[in-house]
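Here the structure comes first, spelled out in structure tokens, and everything after it is commentary.
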Protein chains: 2
Amino acid sequence: MHKREAFTRDENCLADYMKALGHPARIAILKAIAEKKSCICGDLVVALPLAQSTVSQHVKELKEAGLVKGTVDGPRSCYCIDPEAMARLEGSFGKFCASIVQKCC
Amino acid sequence: MHKREAFTRDENCLADYMKALGHPARIAILKAIAEKKSCICGDLVVALPLAQSTVSQHVKELKEAGLVKGTVDGPRSCYCIDPEAMARLEGSFGKFCASIVQKCC
DNA sequence: ATCGTATATCGCAAATATACGATAATATTC
DNA sequence: GAATATTATCGTATATTTGCGATATACGAT
């Protein structure tokens with residue numbers, strides 16, 4: 001029921017990033033991971049007011065969006081920000097906004 | 001079931017903006033409005049592969065997010081971008097990304 | 001091998017989002 | 001005032017998201 005095919009690749013791509021950030025828990029998770037530089041899942045569960053399975057689910061979405069990378073460290077999972085991806089997103093979103101503002105005025 | 005209260009005002013605020021942009025139709029609508037500087041609803045319906053009621057619904061969400069302003073012009077509705085809001089969003093998102101990237105590395 | 005710890009995944013319930021047709025509301029024109 | 005045109009809203013069906021407990025998986029320690 002989501003008519004993805006009807007829109008351009010760019011529109012879908014940007015919308016997917018925005019959707020990944022469209023939940024306060026995922027904003028908070030990004031901040032928490034960045035804060036600690038690299039963050040094991042347990043730290044996130046303690047830091048967030050959500051159940052472990054819910055945190056794991058949100059992290060998964062951030063990984064699928066490509067903003068977070070995960071490595072296994074023994075029994076733990078260790079997450080870190082993908083700084084290149086964040087920087088790229090910042091850049092393309094900035095361009096998008098600037099283009100809107102420039103054209104609209 | 002959305003635990004908004006459990007997160008900070010900033011986290012919720014940014015997430016709300018991101019959610020508003022988290023659909024390709026709304027990205028396309030913003031671009032279309034900017035393109036024409038000000039855009040009546042009918043133009044959007046022609047430009048988009050969606051029913052009139054669906055377009056109206058998406059525009060409403062963009063208005064609620066504060067990114068689009070609407071004025072009534074006779075029987076028509078005329079939409080335009082709120083450039084200050086777009087610029088503010090660009091700025092705060094840029095700061096958010098930069099802070100994440102800076103801390104994480 | 002068994003136990004304990006850490007995390008991912010599954011299954012489910014509730015809430016939201018998406019899309020559309022039908023209808024209502026509003027303004028213009030005849 | 002009736003007919004037309006434009007847009008918003010309502011009702012509804014379906015899909016997706018959110019959240020959690022329970023379970024499965026993987027690993028280290030005993």
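Chain letters run A, B, ... following the sequence lines, proteins first and then strands; every chain starts at 1. Please read all numbers here as calculations on a predicted model, not as lab measurements.
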Could you point out which residue of B:Leu30, B:Ile81, B:Asp82 forms a side chain to side chain contact (heavy atoms under 4.5 Å, CB included) with B:Leu62?
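Going through B:Leu30, B:Ile81, B:Asp82 one by one, the side chain to side chain contact (heavy atoms under 4.5 Å, CB included) with B:Leu62 is satisfied by B:Leu30 alone.
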
Would you say [X] reaches [N]'s phosphate, i.e. side-chain N/O to OP1/OP2 under 4.0 Å?
{"X": "A:Tyr79", "N": "C:dA8", "answer": "yes"}
{"X": "B:Lys19", "N": "D:dT17", "answer": "no"}
{"X": "A:His58", "N": "D:dT17", "answer": "no"}

Heavy atoms from C-beta onward define the side chain here; which of [options] lies closest to that of [X]?
{"X": "A:Ala51", "options": "C:dT18, D:dC20, D:dT18", "answer": "D:dC20"}
{"X": "A:Arg76", "options": "D:dG19, C:dA6, C:dA8", "answer": "C:dA6"}
{"X": "A:Pro75", "options": "D:dG19, C:dT18, D:dG28", "answer": "D:dG28"}

5' precedence on DNA chain C between A:Ser56 and B:Ser53 (nearest-nucleotide basis)
A:Ser56

Indicate yes or no: does A:Asp16 engage A:Arg4 in a salt bridge with an N to O separation below 4.0 Å.
yes

Between [atom2] on [N] and [atom1] on [X], what's the gap in Å once rounded to a whole number?
{"X": "A:Lys60", "N": "C:dT9", "atom1": "NZ", "atom2": "P", "value": "5 Å"}
{"X": "B:Asp73", "N": "D:dA8", "atom1": "CG", "atom2": "P", "value": "12 Å"}
{"X": "B:Leu62", "N": "C:dT18", "atom1": "CG", "atom2": "C1'", "value": "14 Å"}

What nucleic acid atoms does B:Gln52 come within less than 4.0 Å of, heavy atoms only: base, sugar-phosphate, or nothing?
base

Is A:Arg26 touching bases, backbone alone, or none of the nucleic acid, heavy atoms closer than 4.0 Å?
sugar-phosphate

CD/A:Gln102: more than 12 non-hydrogen atoms of other groups inside 6.0 Å
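12 or below, so no.
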
Once the angle between the rings of B:His58 and B:His23 is folded into 0 to 90°, is it parallel (under 30°), tilted (30 to 60°) or perpendicular (over 60°)?
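B:His58 and B:His23: tilted rings.
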
